Protein chains: 2
Amino acid sequence: MTKRDDLTEAATDYALAHGLIGLSLRPLAAELGTSDRMLIYHFGSKDELVAAVLEASNTRSMAYIDAMAPAASLGKAVLALWATYTEHDQVQRCQRMYVEAAALGLLGREPYASSIRASNALWIRTLSAYLERSGVTATRAPGIANLIDATFNGVFLDRPLDDEAESRQIVQDLASALDRPQLGNE
Amino acid sequence: MTKRDDLTEAATDYALAHGLIGLSLRPLAAELGTSDRMLIYHFGSKDELVAAVLEASNTRSMAYIDAMAPAASLGKAVLALWATYTEHDQVQRCQRMYVEAAALGLLGREPYASSIRASNALWIRTLSAYLERSGVTATRAPGIANLIDATFNGVFLDRPLDDEAESRQIVQDLASALDRPQLGNE
DNA sequence: GACTTCCTGTAGCACTTGCTACATACCTGA
DNA sequence: TCAGGTATGTAGCAAGTGCTACAGGAAGTC
């Protein structure tokens, strides 16, 4: 739509490819065919640009979850979510960037801390909706969504590239743990 | 022992307090009562300093796990581990720094990627040992340790400061999921 | 034609980064 | 006594950081 929106999408592509932590305006601008001067002009500051990029990235990855077909059980839902994470480069990269942003916001630094809070709230809601579609009750869904999200992020953190088998094993363990018949209360 | 070791410990304190991501030599050196010049002299490069700091931090936090008394069940072990994480500032800060290093190493950047791999291997071994002390079989322990580690890291990532109750809820969910009687095979 | 508003290029500022060159001590062993 | 390794201070370099000042072009409005 606006020029700013175009820049946001292009900057998001760049950030997804090159990472968020070392991001600096001049190389980014060069790849977008513009200048740091223009980025500041359109966004006001680097922080606002970063916030826009994080929001765009989150929006992109949520679309993939929303598009998933329901699963037959909770455990199968966990495996299906993991498959979505790993099969789509886009989702994987968005998740990686989320992890970077979260790390940058660990000590409360802005705009990362606020962006992460906002993104996470939406993300949990998206996961919850998928779980509900898969038969999980509305009361249990958010809690389980949080557990799944935390575990997946942790897996991404520890095994960024290699060890795909080991990552899968962890997810499998979580899935089977969650799929056991519910004995206790909630 | 050597001057380098002293500097490593002091630099670790500083990094645990101020974070790893924005770490730069001059402010660090100022707080240690020395100069960037001297840090480079003793460590050779910033990368080697960072590697030393990460190793020191990991060693510190593992000591806390090694000191834990065995738990009565797997679920109780999970809760006890989480208690250790949250009750000791040292452990919490070490974990936070691990997360920062992992984020920095996400795209393979050194020395973070290598340090994380090494730290994680030792950390999983430490967790496994604790689980075995708590009655988990030696074959299952490493897998479960990976699952617990991933989940805890994910929780730290999403809820750095606030939401202690929600964090606890996630851990509780994991604990009860793992504590259900084993029906399937392994 | 004058005026405003949006957009963009050039140049630069003040600052920080990791790291180095150079000189100078100090202590130790021959 | 003197050589040699260890340690430290001063100064600086080349590169990069976010951001700004200033000027100007393009396009529409009165």
Side-chain angles (χ1 to χ4, degrees), chain A residues 1-12 14-15 17-56 97 100-101 103-105 107-115, chain B residues 1-15 17-56 97 100-101 103-115:
Chain A
M1 193 198 211
T2 76
K3 188 106 190 177
R4 179 184 155 129
D5 292 341
D6 291 344
L7 285 173
T8 300
E9 290 305 312
T12 302
Y14 181 89
H18 296 78
L20 187 68
I21 288 187
L23 185 70
S24 81
L25 294 183
R26 261 170 270 241
L28 165 62
E31 186 131 325
L32 303 197
T34 176
S35 66
D36 56 335
R37 165 75 182 72
M38 279 297 98
L39 293 178
I40 295 291
Y41 174 75
H42 284 292
F43 291 92
S45 69
K46 185 194 174 186
D47 282 358
E48 288 183 56
L49 186 155
V50 167
V53 162
L54 286 175
E55 190 186 338
M97 197 158 86
E100 285 189 86
L104 281 163
L107 289 91
R109 240 171 78 197
E110 296 299 346
Y112 308 102
S114 300
S115 290
Chain B
M1 194 199 208
T2 77
K3 187 107 191 178
R4 180 185 156 127
D5 293 341
D6 292 343
L7 284 174
T8 300
E9 291 303 313
T12 303
D13 290 336
Y14 180 90
H18 295 77
L20 186 69
I21 288 186
L23 185 70
S24 81
L25 294 183
R26 263 172 269 240
L28 165 62
E31 185 132 325
L32 304 197
T34 176
S35 67
D36 56 334
R37 166 74 182 72
M38 279 297 99
L39 292 178
I40 296 291
Y41 174 74
H42 284 292
F43 291 91
S45 71
K46 185 194 174 187
D47 281 359
E48 288 184 57
L49 187 156
V50 166
V53 162
L54 286 174
E55 190 186 337
M97 195 157 87
E100 286 189 86
L104 281 163
L106 268 186
L107 288 93
R109 241 171 76 197
E110 296 299 346
Y112 308 102
S114 300
S115 290

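Scope of the values below: all heavy atoms of this structure, side chains included, with no hydrogens, waters or symmetry mates. The sequence lines fix the lettering, A, B, ..., with proteins before strands; numbering per chain opens at 1. Here the structure is a predicted model, which is why all the values come from computation and not from measurement.
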Asker: Quick one: do Met97(A) and Val53(A) satisfy side chain to side chain contact (heavy atoms under 4.5 Å, CB included)? Show the steps, please.
Answerer: CA-CA 10 Å; Met97(A) 197 158 86; Val53(A) 162; 3.5 Å; yes
Asker: Roughly how many Å is it from CG in Asp6(A) to P in dC6(C), rounded to a whole number?
Answerer: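 Atom CG in Asp6(A) sits about 18 Å away from atom P in dC6(C).
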Asker: Taking atom P of dT16(C) as reference, at what distance in whole Å does atom CZ of Arg26(A) sit?
Answerer: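 Roughly 16 Å, once rounded to whole Å.
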Asker: Compare the minimum distances between each of dT20(C), dC19(D), dC7(C) and the side chain of Ile40(B), then state the nucleotide with the smallest one.
Answerer: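 My answer, after comparing the listed nucleotides, is dT20(C).
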Asker: Please report, rounded to the nearest Å, how far the P atom of dG18(D) is from the CD atom of Glu48(A).
Answerer: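 So the CD-P distance, Glu48(A) to dG18(D), works out to 15 Å.
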Asker: Are Leu49(B) and Leu7(B) close enough that some pair of their side-chain heavy atoms sits under 4.5 Å apart?
Answerer: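 No, their side chains stay 4.5 Å or more apart.
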Asker: In whole angstrom, give the distance that lies between atom CE of Met38(A) and atom P of dG18(D).
Answerer: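 To the nearest whole Å, that distance equals 16 Å.
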Asker: Contact class for Leu49(B) (heavy atom, under 4.0 Å): base, sugar-phosphate, or nothing?
Answerer: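 Nothing, no heavy atom under 4.0 Å.
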Asker: So what does Leu28(A) hit on the nucleic acid, given a heavy-atom distance under 4.0 Å: a base, only sugar-phosphate, or nothing?
Answerer: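 Nothing, no nucleic acid heavy atom in range.
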Asker: Does a side-chain N or O of His42(B) approach OP1 or OP2 of dT8(D) to a distance below 4.0 Å, or not?
Answerer: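 So the side-chain polar atoms of His42(B) do come within 4.0 Å of the phosphate oxygens OP1 or OP2 of dT8(D), strictly under.
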Asker: Of all the choices, dT17(D), dG9(D), dT8(C), which nucleotide is nearest to the side chain of Arg37(B) once you look at every atom?
Answerer: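 Of all the options, the side chain of Arg37(B) is nearest to dG9(D).
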Asker: Return whichever of Asp36(B) or Ser45(A) has its heavy-atom-nearest nucleotide of DNA chain D closer to the 5' end.
Answerer: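 Upstream on the strand: Asp36(B).
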Asker: Look at the side chain of Lys46(A) and decide which nucleotide, out of dC19(C), dG9(C), dC19(D), has an atom nearest to it.
Answerer: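 It is dC19(D).
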Asker: Ser24(A) side chain N/O closer than 4.0 Å to the phosphate oxygens (OP1, OP2) of dG16(D)?
Answerer: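 Looking at the OP1 and OP2 atoms of dG16(D), neither is under 4.0 Å from any side-chain N or O of Ser24(A).
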Asker: What is the distance, to the nearest angstrom, from the CG atom on Leu39(A) to the P atom on dG9(C)?
Answerer: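 So the two atoms are 11 Å apart, to the nearest Å.
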Asker: Using atom CZ of Phe43(A) as one end and atom C1' of dC19(D) as the other, report the distance to the nearest whole Å.
Answerer: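 Value for this atom pair: 16 Å.
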Asker: Taking Lys3(B) for the side chain and His42(B) for the main chain, is one N or O donor matched with an acceptor at less than 3.5 Å?
Answerer: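 No, Lys3(B) side chain to His42(B) backbone: no donor-acceptor pair under 3.5 Å.
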Asker: Please give, in whole Å, the distance from dC7(C) P to Arg4(A) CZ?
Answerer: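 Value for this atom pair: 12 Å.
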Asker: Tyr41(B) OH to dC22(C) P: how many Å, rounded?
Answerer: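 Roughly 17 Å, once rounded to whole Å.
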Asker: How about Glu55(B): does its CD atom have over 12 heavy atoms from other parts shown lying under 6.0 Å from it?
Answerer: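 Check fails, neighbour count at 12 or below.
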Asker: Below the 4.0 Å mark, does dT6(D) have OP1 or OP2 next to a side-chain nitrogen or oxygen of Lys3(B)?
Answerer: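 For dT6(D), neither OP1 nor OP2 has a side-chain N or O of Lys3(B) closer than 4.0 Å.
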Asker: Applying side chain to side chain contact (heavy atoms under 4.5 Å, CB included), run through Phe43(B) and Val50(B) and close with a yes or a no.
Answerer: CA-CA 9 Å; Phe43(B) 291 91; Val50(B) 166; over 6 Å; no
